[in-house]
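Notes to accompany the following structure.
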Amino acid sequence: MTFKAGIFDSGVGGLTVAKSIYQAKLFDEIIYFGDTARVPYGSKNESTIIRYSLESLEFLKNFDINFLITACNSVSSCALPELRKEANFSVVGVIDAGIYAVTKQAKKDDTILVIGTKATINSNLYKKGLEAKGYKNIISIATPLFVPIVEEEAYSPSLIKETFKLYFDKLNPEEIDIVVLGCTHFPLLSSYLQKYFKNAKLIHSGEAIVELLKKEYNLKEKQNSKIHFLASENPAHLKKVAQKWF
Ligand code: DGL
């Protein structure tokens, strides 16, 4: 059987997850779709995120996919039940992979900072999931402005410094042991975050999802894997980011 996966995100962020999956050759073919015409998702309300997600699924079904990965925490935090109802194949989100990655790297008394979009942070799924695994010191902060910085590739040090100040002013960065990048756009800001949270390990779900897919869905390495990049607006930009990131 040919395994053809759809991977989707609101924009370029999901490329951080697609890269790990592509390199692991878990699928014969991958169709990556960034809904760049409607990014950001994470500041929209739940019913809008669910509607956009179902529309993205309908679009991807045109390519005869038989597996779906929502490489977007905002979608994974609120639309998985609806997507699973509409798909007659497996639908996998990224939040479980993120939590799994923390359990591999963090000690129970570590101070864990979870950053993500408003939708992800308000869903409390990371906090509840980590508490269920015995972690107690969890700080959750929504950092939605990081998304347009990544989409626009606006990596201006002064802009980044100001946004860090806005979101992290009340924290002592040296006391943070783990930073969970609870938005797939954020690994593209890793170097800035690592400089700021000097003592912290940065965790992103892209690294853990391959292990999770192999373990839970018994996916094996294929001989070859192809990937195609699609976007609802400005696909050339998405392809450019993909080239750089891959
Ligand atoms: N990359 C997405 C996430 O993981 C969404 C960012 C957004 O569209 O707000 O949440």
Side-chain angles (χ1 to χ4, degrees), residues 6-21 32-57 59-60 68-80 82-83 91-102 113-127 129 140-155 163 166-167 179-190 192-193 202-209 212 229-234 237-238 241-242 245:
I7 300 185
F8 93 94
D9 177 46
S10 57
V12 299
L15 292 168
T16 61
V17 173
K19 180 183 171 185
S20 312
I21 295 172
Y32 181 90
F33 173 58
D35 193 4
T36 45
R38 304 193 286 194
V39 66
Y41 277 19
S43 303
K44 312 254 176 358
N45 65 34
E46 202 178 296
S47 58
T48 307
I49 298 173
I50 292 172
R51 179 161 56 85
Y52 287 180
S53 303
L54 290 173
E55 286 169 4
S56 298
L57 168 66
F59 173 68
L60 282 163
L68 181 71
I69 295 153
T70 60
C72 174
N73 288 267
S74 310
V75 170
S76 306
S77 68
C78 60
L80 285 185
E82 287 76 8
L83 287 167
V91 178
V92 180
V94 282
I95 293 183
D96 286 347
I99 292 172
Y100 176 67
V102 174
L113 170 66
V114 181
I115 53 176
T117 65
K118 283 185 194 158
T120 301
I121 297 303
N122 291 343
S123 79
N124 254 328
L125 284 183
Y126 274 106
K127 192 166 189 295
S140 305
I141 301 180
T143 58
L145 284 175
F146 291 174
V147 177
I149 290 178
V150 170
E151 284 292 325
E152 297 295 326
E153 298 186 280
Y155 302 116
T163 47
L166 175 72
Y167 294 133
V179 179
V180 179
L181 307 178
C183 170
T184 54
H185 280 68
F186 299 173
L188 290 141
L189 287 170
S190 283
Y192 302 96
L193 287 161
L202 305 188
I203 305 268
H204 93 84
S205 40
E207 286 157 4
I209 199 156
L212 209 80
F229 299 105
L230 306 172
S232 50
E233 192 170 273
N234 202 351
H237 175 66
L238 187 129
V241 179
W245 181 251

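Bear in mind the structure is a predicted one, so any value in this text is a computation, not a measurement. In each ligand, atom 1 is the first atom listed, and ligand 1 is the first ligand listed. Sequential numbering from 1 along the given sequence is applied to the chain's residues.
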Between Y52 and Y41, how do the two ring planes meet: parallel, tilted or perpendicular, split at 30° and 60°? tilted
Going by side chain to side chain contact (heavy atoms under 4.5 Å, CB included), name the residues that satisfy it together with T117, two or more places apart in sequence or in a different chain. S74, A119, T120, V147, C183
Write none if no such pair exists; otherwise list each N/O atom of ligand 1 with its protein N/O partner under 3.5 Å and the distance.
residue: ligand 1; atom: 1 (N); partner: D9; partner atom: OD1; Å: 3.0
residue: ligand 1; atom: 1 (N); partner: T184; partner atom: OG1; Å: 2.9
residue: ligand 1; atom: 1 (N); partner: H185; partner atom: ND1; Å: 2.7
residue: ligand 1; atom: 4 (O); partner: N73; partner atom: N; Å: 2.7
residue: ligand 1; atom: 4 (O); partner: N73; partner atom: ND2; Å: 3.2
residue: ligand 1; atom: 4 (O); partner: T184; partner atom: N; Å: 2.8
residue: ligand 1; atom: 4 (O); partner: T184; partner atom: OG1; Å: 3.3
residue: ligand 1; atom: 8 (O); partner: S10; partner atom: OG; Å: 2.5
residue: ligand 1; atom: 8 (O); partner: Y41; partner atom: N; Å: 2.7
residue: ligand 1; atom: 9 (O); partner: Y41; partner atom: N; Å: 3.4
residue: ligand 1; atom: 9 (O); partner: G42; partner atom: N; Å: 2.8
residue: ligand 1; atom: 10 (O); partner: N73; partner atom: N; Å: 3.4
residue: ligand 1; atom: 10 (O); partner: S74; partner atom: N; Å: 3.1
residue: ligand 1; atom: 10 (O); partner: S74; partner atom: OG; Å: 2.7

Mind checking whether H237 and V241 have side chains closer than 4.5 Å, heavy atoms only? yes
Minimum side-chain heavy-atom gap L181-I115 below 4.5 Å: yes
Relative to the ring of F186, is the ring of F146 parallel (under 30°), tilted (30 to 60°) or perpendicular (over 60°)? perpendicular
Taking T16 for the side chain and T184 for the main chain, is one N or O donor matched with an acceptor at less than 3.5 Å? yes
